[in-house]
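Some notes on the structure that comes next.
Every chain is numbered from 1 and lettered A, B, ... according to where its sequence line falls, protein lines coming before strand lines. Treat the numbers as computed from the prediction; the structure is a model and nothing was measured.
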Amino acid sequence: MLETHGDVCRLGYLRIVPCLLEDNSPKTFDFLAALLHDIVKGIGDRDLLVSKPIGLITSLVNARNYVTMAAELNFIDRKSQLLGTFGKLYLTTDSAIKFKKFVDGRESLNLIELITLNDAEKLFFLWALFIQDYPFIQMITNWALKKKKFRRQEAMIYAMEEAYPQALKKALPPSDIRRKEAEKFREKRLSIKDKIEWIKSSQYAKYRHIAPPRLEWLVDCGILKRSGRGKYEVNDQMIYDQQKILKLTTLRPKKIESYLFNDFIKGMARWYKQAGRTEVIKTMIQVYDRMSFHFGGEVNLTYLECMTSIVLLENGLIAEKQKIHDAFNSLALQFPDKIYVMPGGRNVNIAYINTEELEI
DNA sequence: TACACAGACGTGGTTGCTCC
DNA sequence: GGAGCAACCACGTCTGTGTA
């Protein structure tokens, strides 16, 4: 489960962080925040935005909160202060190229481009969030989809007094004091009769930092939309199948990748052209090259398949993970001396492709 | 028009690292 | 080992504004 700050509402900013770490030199969070703040502070076309989004970076302090969020999402590895797994994975997308150029000053972006995710990125962040914020984000998503239309206040009450204690129960040992505290949230809130006193309470401060960002992340991923100040509703224009999102909210982390990139992605097929075998293989090799650059020689086969699916989506094509897996296997049979899989422990398979000598 | 509350903007306390 | 400092975390509070 992620530790959050109420400011950190726009997922789009997180795409910049891996680009800042691509040189493979460790950077402190404060230094990264200063870089991030410097890069985005000049972009001031906020008035042009129809929806007036919240969570824009306006100060060094909230840039710092975005860097912390990047670490929570595993875009940054806290220990080494280098790229984390999801940071490395993001750098293998086509979309990352635009942000690398932006960071280097070779391309300029406006605020809309900076905070808006394309469909492939929405899927990428959905993946990262559902893995890293398990099971809290699942519960909130499930509640929101069933509720259809709601106010921020009621979402906060549900999130903090029902979902949060349940999520902590799954995430923390029974002895952990935070579990016991969370179970008393409702009782404590009801004991405060005066609304002003409630809003000034430390418990309300905690609510505001934990629940609202998650609603905004679901807006960025295209599942919810804002329908006024503090109001949300399910986005009826979303590219996903609502039933499939509901199913996604019931899965354990181990099942999420497989479901997201097989059944779930099928629900998006009406918007995309099916990828052919050649397109799948060409993209997979391209993604492999990018991944081996960031991960070293050892490329996790599951990640390779998921990222191939995402990069295909960026190019208007759709292919399920199973189809990509089959393409990999058939290629491995065709070129046994250039492509193979080696066991990497804990059921993780490492793919090796000698791309230099491979002719497709 | 009042006030409830959303959103912005900190800040004090804690942790952990480095150097002597 | 402990002092000093930087980095980091967990709330806290103020202001502006949408809504009843």
Side-chain angles (χ1 to χ4, degrees), chain A residues 1-11 13 17 20-21 25-37 40-41 43-44 46-47 49-82 84 111 115 132-133 136 149-160 164 168 171-172 176-179 181-182 184-185 188-190 192-220 224-233:
Chain A
M1 251 172 76
L2 307 174
E3 288 291 339
T4 52
H5 188 282
D7 282 352
V8 185
C9 293
R10 298 279 73 87
L11 296 172
Y13 284 129
V17 177
L20 294 171
L21 285 164
S25 71
K27 293 177 183 67
T28 66
F29 284 16
D30 279 345
F31 183 55
L32 280 172
L35 291 175
L36 179 61
H37 182 236
V40 304
K41 74 178 173 190
I43 300 164
R46 186 179 177 169
D47 292 342
L49 294 174
V50 182
S51 62
K52 297 266 163 64
I54 58 170
L56 298 181
I57 294 179
T58 53
S59 71
L60 195 56
V61 173
N62 61 12
R64 178 65 172 68
N65 291 325
Y66 274 96
V67 173
T68 307
M69 169 69 179
E72 288 285 314
L73 257 191
N74 206 4
F75 275 50
I76 307 171
D77 178 66
R78 277 186 190 277
K79 217 170 176 186
S80 63
Q81 296 181 327
L82 297 168
L111 190 53
I115 61 172
Q132 299 294 126
D133 199 33
F136 196 28
K149 213 170 179 178
F150 54 89
R151 298 185 63 85
R152 197 185 87 143
Q153 275 294 306
E154 50 183 324
M156 271 193 344
I157 300 292
Y158 165 77
M160 297 307 293
Y164 190 62
L168 288 186
L172 300 174
D176 197 297
I177 196 156
R178 284 170 292 176
R179 269 179 61 163
E181 276 176 6
K184 288 180 184 162
F185 277 171
K188 222 174 157 188
R189 175 176 59 86
L190 293 174
I192 302 171
K193 297 292 176 210
D194 182 53
K195 281 201 170 179
I196 301 289
E197 198 189 324
W198 161 240
I199 285 162
K200 283 185 174 176
S201 69
S202 63
Q203 190 174 326
Y204 185 71
K206 198 176 176 78
Y207 279 30
R208 281 185 294 107
H209 285 301
I210 296 175
R214 287 171 167 86
L215 300 173
E216 292 293 330
W217 301 341
L218 294 178
V219 171
D220 281 352
L224 297 180
K225 64 176 180 185
R226 286 172 70 100
S227 49
R229 187 176 142 104
K231 291 177 186 167
Y232 298 89
E233 60 187 89

Yes or no on side chain to side chain contact (heavy atoms under 4.5 Å, CB included) for A:Ile115 and A:Leu11, after CA distance, side-chain angles and deciding distance? CA-CA 7 Å; A:Ile115 61 172; A:Leu11 296 172; over 6 Å; no
Report the distance from atom CD of A:Glu154 to atom C1' of B:dA6, rounded to the nearest whole Å. 16 Å
Compute the angle between the rotation axes at the two ends of the helix from B:dT1-C:dA20 to B:dC20-C:dG1, each taken over five pairs, rounded to 10 degrees. 10°
Quick one: does A:Met160's side chain get under 4.5 Å of A:Arg208's, heavy atoms only? no
Is there a side-chain contact between A:Glu233 and A:Leu224 in this structure, where contact means two heavy atoms from C-beta onward sitting under 4.5 Å apart? no
Answer yes if the ring centres of A:Phe185 and A:Tyr207 are under 6.0 angstrom apart, and no otherwise. yes
For a quick test of reading the model: is some side-chain N or O of A:Tyr204 closer than 4.0 Å to OP1 or OP2 of B:dA6? yes
Set out, line by line, the N/O atom pairs under 3.5 Å between protein and nucleotides 13-19 of chain B.
none

Pairs where residues 55-69 of chain A contributes a residue and the test salt bridge (charged side-chain N to carboxylate O under 4.0 Å, His left out) is met, not counting sequence neighbours: A:Asp30-A:Arg64
Taken to the nearest whole Å, CD1/A:Ile57 to C1'/B:dG7 is 15 Å
What residues from residues 207-220 of chain A pass a heavy-atom cutoff of under 4.0 Å to DNA chain C? A:Arg208, A:His209
Carefully, step by step, assess A:Leu32 and A:Leu21 under the rule side chain to side chain contact (heavy atoms under 4.5 Å, CB included). CA-CA 9 Å; A:Leu32 280 172; A:Leu21 285 164; 4.1 Å; yes
Using a 4.0 Å cut-off to any heavy atom of chain A, which nucleotides of DNA chain C are the first and last in contact, reading 5' to 3'? C:dA7 to C:dT19
Gap separating the OH atom of A:Tyr232 from the CD atom of A:Glu216, nearest 0.5 angstrom: 3.5 Å
Heavy atoms under 4.0 Å, any strand shown: does A:Gly55 hit a base, just sugar-phosphate, or nothing? sugar-phosphate
Sub-3.5 Å donor-acceptor pair from the side chain of A:Trp217 to the main-chain atoms of A:Pro212, do we have one? no
Flag the pair A:Leu36 / A:Tyr66 as yes when at least one side-chain heavy-atom distance between them is below 4.5 Å, and no otherwise. yes
Mark yes or no for whether A:Asn74, through its side chain, and A:Gly84, through its backbone, hold a donor-acceptor pair below 3.5 Å. no
First of A:Gly6 and A:Arg64 reached from the 5' end of DNA chain C, by closest nucleotide: A:Arg64
Please work out if A:Gln81 contacts a base, only the sugar-phosphate, or nothing of the nucleic acid, heavy-atom cut-off 4.0 Å. sugar-phosphate
Just by modelled atom types, is the A:Gly6 backbone N or O under 3.5 Å from a matching donor or acceptor in the A:His209 side chain? yes
Return the orientation label for the A:Tyr164 and A:Phe136 ring planes: parallel under 30°, perpendicular over 60°, tilted otherwise. tilted
Taking only residues two or more places apart in sequence or in another chain, which ones pass salt bridge (Lys or Arg N to Asp or Glu O under 4.0 Å) with A:Lys206? none
